[in-house]
Amino acid sequence: MTADLRLVEAAVLDGRVDEALRHVAAVPADVPLRPAVAWRLGRALHLRGEFDAADACYARAVPASGSPADQAQVLAGRAAVRWATGDQSRARRLADEAVGVAERGGDDSAVAAAYVARALVAFGDGDRAGNEHAYAVALAAARRAGDLEQQLRIRCNVGSRLVEEGRYREAVEELDEAVRLGERTGHPTLWAMALHNRAEAWLGRSRLTLARADADAALSLWQRASSPLAAFGLTLTARVHRARGAIHQAVAGYQAALAVAEPAGNAQVLAEAHAGLARIGHADDPTAAMWHLERALPGPAVAELAAGWVALCRGDRAAARRHAETVRVAAGRRRDAAALAESLELGALADPAPGRAATGLVEAAGIWAELGNEFALAVNAVLRARVGGDRLVEEIARERLPHLGMQEGAWHIAGPLAAIGPPPVAEVEVRALDHFVVRIAGEPVPAGRWQSRKGRDLLKVLAGQLGRPVARTALATALWPDVPGPVALRRLSVLISTVRVVLDPDRRHPTDRYLVTDAATVRTNPEHVALDTLRFYDAARAAIAADTAEAGDEQLLTRLEAVVDLYPGDLGEAPEVAGDWIERPRAVLAGLHREAMRRLARRCLRAGRADAAIGWYRRLAEEDRYDEPAHIGLVRALSQAGRHGEAARHYREYVTRMREIDVRPAAFPAAV
């Protein structure tokens with residue numbers, strides 16, 4: 001035995017694996033290693049993501065030597081490496097052999113390692129029952145052996161499986177324990193994997209802040225350990241950016257992941273990174289997109305879905321349907337709920353029959369709702385509205401996307417939004433709620449283009465009238481109350497011409513395209529001018545009418561939430577306008593907003609979403625201290641949430657408010 005080999009063995013058996021890895025570099029590659037040394041070094045390299053080096057180390061183990069436990073560890077390690085690099089058949093043979101040797105030897109640590117290898121193979125085969133059984137056996141054996149490192153590895157893998165199945169809440173619980181084990185053992189790469197998998201669970205629940213925090217922590221641990229597994233962290237970060245539509249950040253993340261994963265042959269990362277780059281680049285560089293797809297396929301669901309969305313975006317419905325069906329079948333077998341929902345959406349949008357398309361989208365919505373994925377559910381609402389031809393509902397649904405952190409780039413990445421095409425941009429948009437803004441083809445009108453406040457005040461008045469005609473004489477009096485009628489009417493005519501030039505500076509359209517006038521009246525043209533006041537008014541009245549007619553409809557609750565989001569604030573001030581031209585419509589719109597919020601709070605309470613109901617009722621009560629139904633609703637919601645002390649305190653506050661206005665307080669409300 002050479003001196004270097006003695007140093008290697010001494011360091012390994014003393015638990016100083018990093019030191020042993022430094023020494024082994026000086027030992028010729030053709031010098032065999034005792035199995036007890038080979039598997040410990042191989043596992044360390046595997047967990048760092050150095051798969052080729054790990055496999056080479058396992059291969060150096062002296063055949064049929066050492067204890068059965070050490071032999072089983074070598075076989076299990078090689079099986080895990082073969083699985084990670086995509087060699088499923090070889091991994092299966094090695095795992096079966098490892099289980100046989102480990103069970104004959106009776107060493108619990110070896111049994112745990114062998115069954116981890118079998119679990120990985122079962123996962124690759126889509127055998128979820130076999131995967132669950134193997135991990136249960138492995139975890140029990142690791143506990144008996146007191147092997148914390150193996151327990152951490154198993155919990156990481158189980159958490160990953162739960163994430164793939166869309167069981168995000170269970171995954172977080174499993175991975176919380178894995179993170180605690182990671183902190184306890186201090187094992188950098190496994191600890192990082194626990195954080196990474198938990199980040200995926202947070203992403204599945206649309207908790208982007210928590211996802212980014214865990215992903216960044218995992219990436220930092222991997223990078224400090226100089227591990228190629230940092231590619232996983234880079235890929236996850238890229239996926240978050242892709243979901244948000246942050247194209248440049250996503251591309252940078254995927255490219256960095258490829259640079260790290262390619263030398264290590266990390267098949268999982270390579271498939272996802274190539275698939276992500278294909279989806280992002282499909283429109284700008286179709287040739288490059290196809291190149292990436294060729295390297296991702298055949299592959300996991302993420303690659304098939306990428307190929308399907310790219311095909312659909314280029315108009316190949318048949319290919320899109322084939323990829324959707326491939327994923328649907330595999331996802332059902334693997335219990336991959338998120339992939340199943342996305343395949344249903346892909347298949348629905350590729351289906352030429354609107355009826356079947358709507359059915360598929362509704363089924364996908366149910367899965368997204370069950371998973372708690374707000375991002376995907378909001379996108380699905382846009383899809384259902386587009387397929388159903390409900391323009392107003394689509395507008396409401398689209399309003400939710402930016403609030404969830406989605407950027408405009410999401411409409412250009414091969415996926416459901418790109419498949420239906422970006423929303424049309426209004427020729428002229430007047431936003432009069434909260435802050436007054438006028439946009440032409442999506443661009444705000446510069447302040448310098450308005451010659452006076454009167455032009456903006458005119459549009460505010462017309463916006464408050466929701467597209468209905470307003471008498472010229474009334475407008476003239478409102479804008480110039482102290483000016484004689486004939487003079488005010490002439491000024492109004494000039495002002496109308498000025499506003500028309502602001503809205504159509506190049507005079508490309510007929511004069512009545514945006515402002516419609518006749519001898520007696522003036523109005524906006526709703527066919528070419530989008531008014532946020534009219535959009536909210538119509539949406540709120542429709543939702544309130546539906547709430548009156550329909551009970552227990554989850555979609556209606558979502559619609560009420562969207563309607564409330566459509567109201568950023570009251571109709572803006574116009575101090576130079578005389579009369580009730582601003583105050584009256586402001587009161588009407590604010591009243592509709594409160595009524596929609598009240599109905600939303602009540603539906604949340606009935607649906608068992610007490611925390612959401614508390615927020616809405618509290619907002620109603622804060623806006624109007626004497627709103628009795630809001631106070632009663634808040635007390636009831638607090639009670640339902642088990643916050644009985646707060647409920648009692650707020651009930652006393654409610655009693656005080658009612659006595660201030662000589663109203664007899666109602667009895668303490670019963671919980672729903």
Side-chain angles (χ1 to χ4, degrees), residues 35 38-39 42-43 45-47 49-61 63-64 68-142 150 153-154 156-162 164-165 193 264-272 296-304 326-327 329-336 339:
W39 75 258
R43 180 183 292 180
L45 291 165
H46 181 178
L47 294 179
E50 298 178 33
F51 301 133
D52 290 341
D55 195 40
C57 196
Y58 288 129
R60 292 173 69 176
D70 290 332
Q71 293 174 29
Q73 291 278 12
V74 170
L75 291 166
R78 292 205 76 179
V81 168
R82 292 293 91 210
W83 176 83
T85 54
D87 188 353
Q88 182 75 358
S89 60
R90 180 65 174 148
R92 186 182 301 106
R93 291 193 296 273
L94 287 166
D96 288 343
E97 190 177 351
V99 168
V101 174
E103 289 183 337
R104 287 194 298 273
D107 180 87
D108 283 326
S109 287
V111 169
Y115 272 93
V116 165
R118 175 166 282 182
L120 293 172
V121 170
F123 181 86
D125 288 339
D127 179 5
R128 288 310 171 96
N131 177 266
E132 290 177 4
H133 172 73
Y135 275 135
V137 173
L139 185 58
Q150 199 67 271
R153 184 183 182 191
I154 292 164
C156 283
N157 292 354
V158 171
S160 178
R161 188 198 71 223
L162 292 170
E164 182 170 319
E165 293 176 0
M193 185 60 77
N266 190 326
Q268 289 175 276
V269 170
L270 291 172
E272 182 169 351
L297 294 170
V302 66
E304 293 284 350
T326 298
V327 176
V329 172
R333 186 176 65 249
R334 299 168 68 96
R335 290 189 284 179
D336 186 345

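We count residues from 1, following the sequence as given. Keep in mind that what you see is a predicted model, and the values were worked out from it rather than measured.
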Rounded to the nearest 0.5 Å, how far apart are CZ of Arg161 and SG of Cys156?
-> 13.5 Å
Can you name the nearest heavy-atom pair linking Ala122 to Gly130, along with the distance?
-> CB-C, 3.8 Å
Point-to-point distance, once rounded to the nearest 0.5 Å, from CZ of Arg93 to CG of Asp87 = 7.5 Å
Compare every heavy atom of Asp125 with every heavy atom of Arg92, then report the nearest pair and how far apart it is.
-> NH2-OD1, 2.6 Å
Decide yes or no for Tyr58 and Arg43: does some side-chain heavy atom of the first lie under 4.5 Å from some side-chain heavy atom of the second?
-> yes
Nearest atoms (heavy-atom pairs only) where Ala80 meets Arg153 = CB-NH2, 3.5 Å
What distance do Asp52 atom CG and Thr85 atom OG1 have between them, rounded to the nearest 0.5 Å?
-> 7.5 Å
Step by step, work out the side chain to side chain contact (heavy atoms under 4.5 Å, CB included) result for Asn131 and Tyr135.
-> CA-CA 6 Å; Asn131 177 266; Tyr135 275 135; 3.4 Å; yes
Atom NE2 of His133 and atom CG of Asp127: how far apart are they, to the nearest 0.5 Å?
-> 10.5 Å
Closest heavy-atom pair and its distance - Glu304, Gly299 = CG-O, 4.2 Å
Could you give the distance from CD (Glu132) to CZ (Arg128), rounded to the nearest 0.5 Å?
-> 8.0 Å
Indicate yes or no: at least one non-hydrogen side-chain atom of Gln73 is less than 4.5 angstrom from one of Ser109.
-> yes
Separation between CZ of Arg104 and CD of Gln71, rounded to the nearest 0.5 Å = 9.0 Å
State, to 0.1 Å, how close Val74 and Pro35 come at their nearest heavy-atom pair, and which atoms those are.
-> CG2-O, 3.8 Å
Nearest atoms (heavy-atom pairs only) where Ala112 meets Ala142 | CB-N, 3.8 Å
